[in-house]
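Accompanying notes for the structure given below.
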Amino acid sequence: MAHPTQLGFQDAASPIMEELLHFHDHALMAVLLISMLVLYIISVLMTTKLSSTNTIDAQEIEMVWTIMPAIILIVIALPSLRILYLMDEISNPDMTVKTIGHQWYWSYEYSDFTDLSFDSYMIPTKDLEPGHFRLLEVDNCMVTPIGTAARILITAEDVLHSWAVPALGVKSDAIPGRLNQSSFLIAHPGIYYGQCSEICGANHSFMPIVVEALPVPNFLNWINTAQDA
């Protein structure tokens with residue numbers, strides 16, 4: 001859960017998000033080194049009297065400032081491509097949940113279980129209990145077991161939406177007539193918040209996403225309770 005003075009990302013709750021955080025730190029270090037080098041060169045040029053003519057035709061330095069950027073781009077690109085392939089790789093999921101975006105709420109369908117689907121609406125501010133978060137709480141949250149490879153199928157019924165949960169490293173557009181898919185594996189129990197990340201109309205700000213991760217026995221108890229309701 002993000003807080004007002006937070007400067008970085010939320011704590012990772014899935015292996016993919018951990019990879020994204022590591023890549024962010026990796027790329028940020030490369031940017032920092034480049035910035036320091038450029039700042040040093042600028043300061044040297046501004047404070048040093050150029051009296052040597054050897055820099056007019058310097059093949060060595062031209063080779064260096066041509067090859068070095070290419071090497072830096074490769075060092076940044078290779079980890080990025082690896083993470084992209086990991087995010088797209090969905091093989092043998094343990095469960096599948098279909099989410100449908102509406103104006104302005106979400107619907108969830110658990111296709112692996114019989115007669116298990118529900119709508120998820122934001123709780124109005126006047127109905128919030130102490131300790132709840134404004135514009136982020138819902139009446140029915142999506143529940144998944146921890147340590148389970150979950151596939152989520154994402155679509156929309158009316159306009160463009162986007163299903164995004166930062167702590168899980170998941171963000172996928174919900175497009176009418178199209179079925180997108182993503183996957184995640186939650187490492188530990190908790191409640192993870194997200195919001196619709198595509199401007200979808202007047203109440204775009206009132207489409208929160210809440211994912212609750214439970215141990216497998218608790219999840220099975222929730223399934224039985226939800227099916228009996």
Side-chain angles (χ1 to χ4, degrees), residues 1-6 9-14 16-17 95-113 115-146 148 150-184 186 188-214 218-219 221-229:
M1 181 66 194
H3 53 81
T5 58
Q6 183 171 331
F9 292 99
Q10 298 182 25
D11 293 336
S14 68
I16 289 296
M17 190 58 195
M95 64 174 294
T96 300
V97 182
K98 181 180 180 182
T99 177
I100 305 172
H102 308 268
Q103 289 182 310
W104 287 272
Y105 63 97
W106 296 98
S107 297
Y108 297 100
E109 300 176 1
Y110 288 72
S111 57
D112 298 313
F113 304 92
D115 298 329
L116 183 54
S117 61
F118 53 86
D119 297 331
S120 179
Y121 291 88
M122 186 194 74
I123 299 178
T125 303
K126 59 184 178 62
D127 297 331
L128 290 176
E129 298 179 1
H132 281 183
F133 299 103
R134 179 177 172 270
L135 302 181
L136 288 178
E137 301 292 346
V138 297
D139 54 356
N140 296 306
C141 62
M142 174 182 168
V143 181
T144 61
I146 62 173
T148 300
R151 174 177 60 183
I152 181 163
L153 305 177
I154 304 167
T155 187
E157 188 181 49
D158 34 46
V159 298
L160 291 176
H161 300 281
S162 183
W163 200 86
V165 182
L168 304 182
V170 177
K171 183 180 185 294
S172 183
D173 289 340
I175 304 172
R178 180 188 176 112
L179 201 61
N180 290 331
Q181 68 175 354
S182 185
S183 66
F184 56 83
I186 302 180
H188 46 265
I191 299 177
Y192 307 100
Y193 294 90
Q195 288 178 302
C196 177
S197 298
E198 188 74 48
I199 297 177
C200 56
N203 292 332
H204 159 69
S205 301
F206 309 113
M207 287 186 64
I209 301 163
V210 181
V211 179
E212 183 177 3
L214 299 175
N218 300 59
F219 173 75
N221 292 335
W222 175 83
I223 289 291
N224 295 330
T225 303
Q227 289 178 329
D228 295 338

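One-based numbering along the sequence shown. Atoms considered below: every heavy atom in the structure, side chains included; atoms not considered: hydrogens, waters and symmetry mates.
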May I ask you to decide if the ring planes of Y121 and Y105 are parallel, tilted or perpendicular, using 30° and 60° as cut-offs?
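Because their plane-to-plane angle is under 30°, the rings of Y121 and Y105 count as parallel.
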Look at the aromatic rings of Y110 and F219 and report parallel, tilted or perpendicular, splitting at 30° and 60°.
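The rings of Y110 and F219 sit tilted, inter-plane angle from 30° to 60°.
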Side-chain heavy-atom pair [X], [Y] within 4.5 angstrom cut-off:
X    : Y    : answer
M142 : T144 : yes
T155 : K98  : yes
I16  : F184 : no
W106 : I209 : yes
L214 : I146 : no
E212 : W222 : no
V210 : L136 : no
L153 : V97  : no

Give me the atom names and distance for the closest heavy-atom approach of [X] to [Y].
X    : Y    : result
H161 : A156 : CD2-CB, 3.8 Å
G169 : S14  : N-OG, 4.4 Å
H188 : A12  : CE1-O, 3.8 Å

Without hydrogens or angle criteria, can the side chains of [X] and [Y] be said to hold a donor-acceptor pair below 3.5 Å?
X    : Y    : result
Y193 : E137 : yes
R151 : T96  : yes
H102 : E157 : yes
N140 : S120 : no

Taking atom [atom1] of [X] and atom [atom2] of [Y], what is their separation to the nearest 0.5 Å?
X    : Y    : atom1 : atom2 : answer
S107 : D119 : OG    : CG    : 3.5 Å
R178 : I154 : CZ    : CD1   : 11.5 Å
E198 : H204 : CD    : NE2   : 8.0 Å
N180 : S172 : CG    : OG    : 4.0 Å
S205 : L135 : OG    : CG    : 7.5 Å

Would you indicate whether [X], at its atom [atom1], is surrounded by more than 12 heavy atoms from other residues, nucleotides or ligands within a distance under 6.0 Å?
X    : atom1 : answer
L128 : CG    : yes
D11  : CG    : no
D115 : CG    : no

As a quick check of understanding, evaluate side-chain contact (heavy atoms from CB on, under 4.5 Å) for M207 and Q195, giving each step before the final call.
CA-CA 6 Å; M207 287 186 64; Q195 288 178 302; over 6 Å; no
Given F118 and E109, is the side-chain contact (heavy atoms from CB on, under 4.5 Å) satisfied, shown in steps?
CA-CA 7 Å; F118 53 86; E109 300 176 1; over 6 Å; no
Is the side chain of [X] donor-acceptor paired with the backbone N or O of [Y] at a distance under 3.5 Å, no angle test?
X    : Y    : value
D158 : Q103 : yes
E129 : H132 : no
S197 : A164 : no

Starting from the C-alpha separation in whole Å, work towards a yes-or-no answer on side-chain contact (heavy atoms from CB on, under 4.5 Å) for T148 and M95.
CA-CA 8 Å; T148 300; M95 64 174 294; 4.2 Å; yes
Identified side-chain contact (heavy atoms from CB on, under 4.5 Å) counterpart of L160 within the set C200, P176, C196:
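Between L160 and the candidates, side-chain contact (heavy atoms from CB on, under 4.5 Å) is satisfied uniquely by P176.
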After noting the C-alpha distance and the side-chain angles of I223 and V143, does the key distance pass the side-chain contact (heavy atoms from CB on, under 4.5 Å) rule?
CA-CA 9 Å; I223 289 291; V143 181; over 6 Å; no
